[in-house]
Amino acid sequence: MSASGGSISFSRGFDAAPGVLERVSPLTRRMVAPNPSPMTFTGTCAYVVGEGEVLVIDPGPADDAHVEALARALGRETIAAILVTHTHGDHSPGARRLKALTGAPVLGCAPHAPTGVEAADRAHDLAHAPDRVLAEGDVVEAGGARLETVGTPGHTRNHLCFALAQEKALFSGDHVMAWSTTVVIPPDGAMGDYMASLEKLRARDDSVFWPGHGGPVVEPQRYLRALAHHRRQREQAILARLERAPAAVAAIVADVYPGLDAALARAARLSTLAHLEDLATRGLVVVEGAPFEEGARFRLA
């Protein structure tokens, strides 16, 4: 989700055509799904890693034509495994369809654990049931490629990234993207976890990130620093607003996101709520009422 008022700049120069499997590095190919929206940019990026026997990351939404095009583009190549970064509906449902076509097992993130909060749960693919859940450090190999699992909760509780050591590349899902900041939807998503996962990636030496939407993140360490700074600025803006008076989320969003595109209003509200929940956990903010209720108000502790 793009946000005004920060110091970070986003790259929107991405024009990959949907339905075309294109090579983006010696070991990696990408196909964009035809599901553009304010939250998905030009569509979800599915990645094919390796040669001959391949690994497919995030086949995308429940779109039979897209999944069939991906399988058809691989020709005689064999899919050794289908990996999923997280269970949002624009990433994981295609995995079941691709498995039905090819017999390849589905690996990766755990199933979504419902929270009982509609705003958090309705974006998830509740039918996701992987053949194997991957944990930190688990490795999957095929076709000359070796992918290592990196746990990155925050955007969702079950979010994973996958590192390709041969190219010093990281498939970053929705955790880090070049075109926009990442929306965090509590209570499944958590801002504290998200910030900790950013710091975790800053300790790595990857040279490029391949995200779930849009083009690559180049100079990722510099970009991660900018993302963390941007989030801290947003947090300080929220605290400054509450110094004036207690307020509901809608009033905070109006002040903190001036000139916000109406299409991003829900995402801004949820990210603001994620910041507020994190601030409450740290003892800096108090919530009056249930956070997801319309009448809930927040004040400084």
Side-chain angles (χ1 to χ4, degrees), residues 11 13-35 40-61 66-86 90-92 94-95 98-99 101-102 104-109 134 137-150 152 159-179 201 204-221 223-224:
S11 173
F14 183 70
D15 58 359
V20 177
L21 185 63
E22 61 174 342
R23 186 168 298 279
V24 294
S25 78
L27 282 174
T28 304
R29 288 165 282 176
R30 176 186 60 207
M31 180 181 284
V32 180
N35 62 326
T40 61
F41 196 33
T42 65
T44 303
C45 296
Y47 293 98
V48 175
V49 187
E51 295 291 335
E53 186 183 35
V54 302
L55 304 169
V56 176
I57 301 172
D58 283 356
H66 166 64
V67 173
E68 289 166 8
L70 179 57
R72 189 165 53 248
L74 291 173
R76 295 179 179 273
E77 294 183 277
T78 301
I79 300 176
I82 304 160
L83 279 65
V84 177
T85 60
H86 65 296
D90 56 321
H91 287 260
S92 59
L98 190 58
K99 177 182 178 178
L101 285 176
T102 66
V106 176
L107 316 179
C109 69
L134 297 179
D138 284 347
V139 171
V140 183
E141 297 184 82
R146 182 181 189 274
L147 292 177
E148 181 175 350
T149 306
V150 181
T152 51
H159 195 285
L160 302 174
C161 295
F162 301 106
L164 178 62
Q166 295 100 314
E167 296 186 347
K168 295 184 71 174
L170 186 81
F171 297 91
S172 59
D174 281 1
H175 184 62
V176 178
M177 300 175 286
W179 77 280
L201 295 191
R204 297 176 54 84
D205 65 349
D206 305 294
S207 61
V208 64
F209 289 177
W210 295 107
H213 306 277
V217 176
V218 296
E219 297 186 90
Q221 298 309 317
Y223 190 71
L224 288 167

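When a residue number appears, it is its place in the shown sequence, counting from 1. Only heavy atoms go into these numbers, but all of them, side chains included; no hydrogens, no water, no symmetry mates.
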Exercise. Quick one: does T149's side chain have a donor or acceptor within less than 3.5 Å of a partner on D138's backbone?
Worked result: yes

Problem set entry | Exam field: side chain D58 to backbone C45, donor-acceptor pair closer than 3.5 Å | no

Seminar exercise, completed: Of L27, L74, V49, the one forming a side chain to side chain contact (heavy atoms under 4.5 Å, CB included) with V54 is L74

Exercise. For the residue pair A80 and P105, what are the closest heavy atoms and their distance?
Worked result: O-CD, 3.3 Å

Exercise. With a 4.5 Å heavy-atom cut-off, do L147 and I57 have their side chains touching?
Worked result: yes

For this session: Fit a plane to each ring of F41 and W179, take the angle between them on a 0 to 90° scale, and name the class: parallel (under 30°), tilted (30 to 60°) or perpendicular (over 60°).
Result: parallel

Seminar exercise, completed: In terms of heavy-atom contacts, V208 and P216 come closest through CG2-CB, 3.8 Å

Exercise. Atom CD of E219 and atom CG of L224: how far apart are they, to the nearest 0.5 Å?
Worked result: 11.5 Å

For this session: Would you list the pairs meeting salt bridge (charged side-chain N to carboxylate O under 4.0 Å, His left out) in which at least one residue belongs to residues 22-33, sequence neighbours left out?
Result: E22-R30, R23-E51, R29-E51, R29-E77

Seminar exercise, completed: What one should report as the nearest heavy-atom pair of E141 and V139 is CG-CG1, 3.7 Å

Problem set entry | Side chains of F171 and T28 in contact at under 4.5 Å (non-hydrogen atoms) | yes

Exercise. Have H175 and T152 got a donor and an acceptor in their side chains that come within less than 3.5 Å?
Worked result: no

Problem set entry | Selection residues 163-172 - residue pairs positive for side-chain hydrogen bond (donor to acceptor under 3.5 Å, both in side chains), sequence neighbours left out | S25-E167

Problem set entry | Main-chain N/O of T44 paired to N35 side chain as donor or acceptor, under 3.5 Å | yes

Exercise. Can any side-chain N or O of Q221 pair as donor or acceptor with the backbone N or O of R204 at less than 3.5 Å?
Worked result: yes

Problem set entry | Side-chain (Y47) to main-chain (G212) donor-acceptor, under 3.5 angstrom | no

For this session: Using a 4.5 Å cut-off on heavy atoms from C-beta on, say whether the side chain of W210 contacts that of L170.
Result: no

For this session: Could I get the full list of salt bridge (charged side-chain N to carboxylate O under 4.0 Å, His left out) partners for E68, not counting sequence neighbours?
Result: none

Exercise. Can you say whether the rings of H91 and H213 are parallel (under 30°), tilted (30 to 60°) or perpendicular (over 60°)?
Worked result: perpendicular

Exercise. Do the non-hydrogen side-chain atoms of V56 and L70 ever get within less than 4.5 Å of each other?
Worked result: yes

Exercise. Looking only at heavy atoms, which two atoms of V150 and A163 are closest? And how far apart?
Worked result: CG2-CB, 4.2 Å

Exercise. Hey, does the side chain of T102 reach the backbone of L98 with a donor-acceptor pair shorter than 3.5 angstrom?
Worked result: yes

For this session: Kindly indicate, with the supporting measurements, whether the criterion side chain to side chain contact (heavy atoms under 4.5 Å, CB included) is fulfilled by V32 and F14.
Result: CA-CA 11 Å; V32 180; F14 183 70; 3.9 Å; yes

Problem set entry | Closest non-hydrogen atom pair between P211 and V176, with its separation | CB-O, 3.4 Å

Problem set entry | Residue pair P61 / V67: nearest heavy atoms and the distance that separates them | O-CG2, 4.5 Å

Problem set entry | Contact check, side chains of L134 and L160, non-hydrogen atoms, under 4.5 Å | yes

Exercise. Do V48 and L55 have side chains that get closer than 4.5 Å, going by heavy atoms?
Worked result: no

Problem set entry | Check against side chain to side chain contact (heavy atoms under 4.5 Å, CB included), D174 and H159 | CA-CA 8 Å; D174 281 1; H159 195 285; 4.2 Å; yes

Problem set entry | Any side-chain heavy-atom pair of V20 and M31 under 4.5 Å | no

For this session: Spell out, as yes or no, whether a donor-acceptor pair under 3.5 Å connects the side chain of H66 to the backbone of P59.
Result: yes

For this session: With the side chain counted from C-beta on, respond yes when K99 and I82 share a heavy-atom pair under 4.5 Å apart, and no when they do not.
Result: yes

